[in-house]
There are 2 protein chains.
Amino acid sequence: MTQPIREFNAEAIEAMPARSRAAFINALSGFKSANLVGTADAQGRANLAIMSSAVHLGSHPPLLALIIRPGGDERHTLSNILATGTYSINHVTDTIVEAAHQTAARYERAVSEFQAVGLTPCWRDGFKAPLLAEGGISLGMVLREHQELAINGTHLVIGEIVLACVPEDSLLAEGAVDLRTAGTVALSGLDHYHTTTSFKRMAYAKPDQPPRVLAR
Amino acid sequence: MTQPIREFNAEAIEAMPARSRAAFINALSGFKSANLVGTADAQGRANLAIMSSAVHLGSHPPLLALIIRPGGDERHTLSNILATGTYSINHVTDTIVEAAHQTAARYERAVSEFQAVGLTPCWRDGFKAPLLAEGGISLGMVLREHQELAINGTHLVIGEIVLACVPEDSLLAEGAVDLRTAGTVALSGLDHYHTTTSFKRMAYAKPDQPPRVLAR
């Protein structure tokens, strides 16, 4: 490739101003999911927080992990998950990007971000955390494991998907889901939301066969 | 929203055929990063494996986590990381999607996926793992923490970014990086690669100010 590359070693990264370093490092893992995590405290007061740390852990049982940093805006979410054992994970869609991003503001504990940003909680029988009523993909989660990571004090929260609400139109054959049709956006860095265009869907890779494009 | 929603409860998810469930659950976290993880064994034999589990853990120190499942195609990567304490994380770009996906095939340990799929290792002085020479964003990583997660036997691998190679053209002001200019793609599910279009870049959220779009 002829594209010029700039290199940043450990010292150069360390020397960056804190905000620039946060923006830079947050971009380096690649595109991220953007999800609204819905919770409630023991009194049933709702909370909604945007997070970009959801990661697939396994499909049987169906497990997702979140990395939550307890010092910042995410502290209410963590304490609510630990108090109730339930939470929801809701995809940020293109119709709610501005409201979703606004949930990152440091509202007081008594303030419901749903109300502050103009989104709608959906309460379901037997489930203590609100889901998002605006449509798009929404998941009901039950807490399965939790630990603080010694290396930097962030928390690893592992939950099982016990309910998946998925727009009919986005369901494809053999379990696949078309996230574009569901309206799901992708995030880069701290603040940059993207829509997506299907580029290539690839066949299952086998060592004795060349790569094969299934669809574009 | 008027979009019809289909609901899948825990029993419906459990009842899916294994391959469909894997495709379905892998889509539910949202868009994912697509990265090629470069490693070498103690004899210096190179390995390259596509992974979609990179997640930001913190920016000071700059830490990324990977979830690695030791039973499958990713077992050589895990044993190499543990043997050498180093690895590389390289963004999948639109020019190498087919080769990158092909690294998921179950090649024998002695086979270098670089050679099998036609990609180029870049060896650097003092770093035991190969980076990818094809351009795009590449990271040199040093292992900082490792644990097996009791819940499903996957491994959490935490590393520190000690080198970041980033295309000049993708560097924006104040540490931000334009992943589209870097060629980075987004993944959904197991096999669906997407290019992206900038939708909205949002200002830092504050509780006493409405959301503000910085750029489109």
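Protein chains get the first letters and strands the later ones, always in sequence-line order, with residue 1 at the start of each.
- Annotation: maximal heavy-atom pairing with chain B below 4.5 Å, among A:Asn26, A:Thr154, A:Asn35, occurs at A:Asn26.
- Ranked by heavy-atom pairs under 4.5 Å with chain B, the first of A:Met16, A:Glu11, A:Arg69, A:Glu113 is A:Arg69.
- Of the two parts of B:Ala116, neither the backbone nor the side chain holds a non-hydrogen atom closer than 4.5 Å to a non-hydrogen atom of chain A.
- The structure places CG of A:Leu179 at 4.5 Å from OG of B:Ser188, a figure rounded to the nearest 0.5 Å.
- Heavy-atom pairs under 4.5 Å with chain B peak, among A:Ala99, A:Ala34, A:Gly175, at A:Gly175.
- In this structure the side chain of A:Leu163 never reaches within 4.5 angstrom of the side chain of B:Phe8, judged on heavy atoms.
- By the neighbour-count criterion of 12 heavy atoms within 6.0 Å, atom CD of A:Glu168 is densely surrounded, having more than that number from other residues, nucleotides or ligands.
- Put simply, CZ on A:Arg106 and CG on B:Asp208 are 13.5 Å apart, with the number rounded to the nearest 0.5 Å.
- A:His101 contributes a side-chain N or O that, together with a main-chain N or O of B:Ala203, makes up a donor-acceptor pair within less than 3.5 Å.
- Proximity to chain A involves both the backbone and the side chain of B:Ile161, based on heavy atoms less than 4.5 angstrom apart.
- Per-residue counts of heavy-atom pairs under 4.5 Å with chain A were compared for B:Ala65, B:Ser29, B:Ala10; the largest is that of B:Ser29.
- A:His91 places a side-chain N or O within 3.5 Å of a backbone atom of B:Leu28 that can act as its donor or acceptor partner.
- For the set B:Ala18, B:Ser53, B:Ser198, the count of heavy-atom pairs under 4.5 angstrom toward chain A peaks at B:Ser198.
- Heavy-atom pairs under 4.5 Å with chain B peak, among A:Ala176, A:Ser52, A:Gly153, A:Gly58, at A:Gly58.
- The contact between B:Glu14 and chain A is made entirely by side chain atoms (from C-beta outward), counting heavy-atom distances below 4.5 Å.
- For the pair A:Val162/B:Ile13, no side-chain contact is recorded, criterion being any heavy-atom separation below 4.5 Å from C-beta on.
- The local environment of CD in B:Gln147 is crowded, with over 12 non-hydrogen atoms from other residues, nucleotides or ligands closer than 6.0 Å.
- Looking at heavy atoms from C-beta onward, B:Leu57 lies in side-chain contact with A:Ile151 at the 4.5 angstrom threshold.
- B:Ile5 pairs with exactly one of A:Cys165, A:Ser138, A:Ser170 by the side chain to side chain contact (heavy atoms under 4.5 Å, CB included) rule, that one being A:Cys165.
- For chain B, no part of A:Val117 is nearby; none of its heavy atoms comes within less than 4.5 Å.
- B:Arg6 is not listed as a side-chain neighbour of A:Asp169, based on a closest heavy-atom distance of 4.5 Å or more.
- The most heavy-atom pairs under 4.5 Å with chain A, out of B:Val111, B:Leu214, B:Leu64, B:Asp94, come from B:Asp94.
- Among B:Ala164, B:Ala23, B:Ala27, the residue with the largest count of heavy-atom pairs under 4.5 Å with chain A is B:Ala164.
- The neighbour count for B:Arg212 CZ, taken as heavy atoms of other residues, nucleotides or ligands under 6.0 Å away, does not exceed 12.
- Among B:Thr184, B:Val142, B:Leu171, B:Thr195, the residue making the largest number of heavy-atom pairs under 4.5 Å with chain A is B:Thr195.
- Between B:Glu7 and A:Arg124 there is a salt bridge, since a side-chain N of the basic residue sits under 4.0 Å from a carboxylate O of the acidic one.
- In this structure, no portion of B:Leu187 lies under 4.5 Å from any heavy atom of chain A.
- Ionic pairing of B:Glu98 and A:Lys200 is present here: one or more N-O contacts between side-chain nitrogen and carboxylate oxygen are shorter than 4.0 angstrom.
- B:Tyr193 has its side chain within reach of A:Met202: a pair of non-hydrogen atoms, C-beta onward, lies under 4.5 Å apart.
- Between A:Lys32 and B:Ser33 the shortest side-chain heavy-atom distance does not fall below 4.5 Å.
- Screening B:Val55, B:Ile67, B:Ile25 for a side chain to side chain contact (heavy atoms under 4.5 Å, CB included) involving A:His56 leaves a single residue, B:Ile25.
- In this structure, B:Asn152 contributes its side chain and A:Pro61 its backbone to no donor-acceptor pair below 3.5 Å.
- In the displayed structure, A:Glu148 atom CD is contacted under 6.0 Å by more than 12 heavy atoms of other residues, nucleotides or ligands.
- Your options are A:Ala186, A:Pro211, A:Pro62, A:Ala182, and the one with the most heavy-atom pairs under 4.5 Å with chain B is A:Pro211.
- For A:Pro17, no part lies under 4.5 angstrom from a heavy atom of chain B.
- Taking OG of A:Ser59 as the start and CG of B:Leu190 as the end, the distance is 8.0 Å to the nearest 0.5 Å.
- Smallest separation of non-hydrogen atoms from A:Lys206 and B:Ala105: C-CB, 3.4 Å.
- Looking only at side-chain heavy atoms (C-beta outward), B:Thr196 and A:Thr197 stay at 4.5 Å or farther from each other.
- Side-chain contact annotation: B:Gln102 with A:Gln209, donor-acceptor N/O pair under 3.5 Å absent.
- Going from atom NE2 of B:His194 over to atom CZ of A:Arg201 covers 9.5 Å, rounded to the nearest 0.5 Å.
- For B:Arg19 and A:Tyr204, the positive end sits near the middle of the six-membered ring, less than 6.0 Å away and at most 45° from its axis.
- Comparing A:Ile89, A:Leu172, A:Ile137, A:Val97 by heavy-atom pairs within less than 4.5 Å of chain B, the highest count is held by A:Val97.
- For B:Glu174, the CD atom sits in a loose shell: 12 or fewer heavy atoms of surrounding residues, nucleotides or ligands are nearer than 6.0 Å.
- You'll find the side chain of A:Val185 stays beyond 4.5 Å of the side chain of B:Phe31, heavy atoms only.
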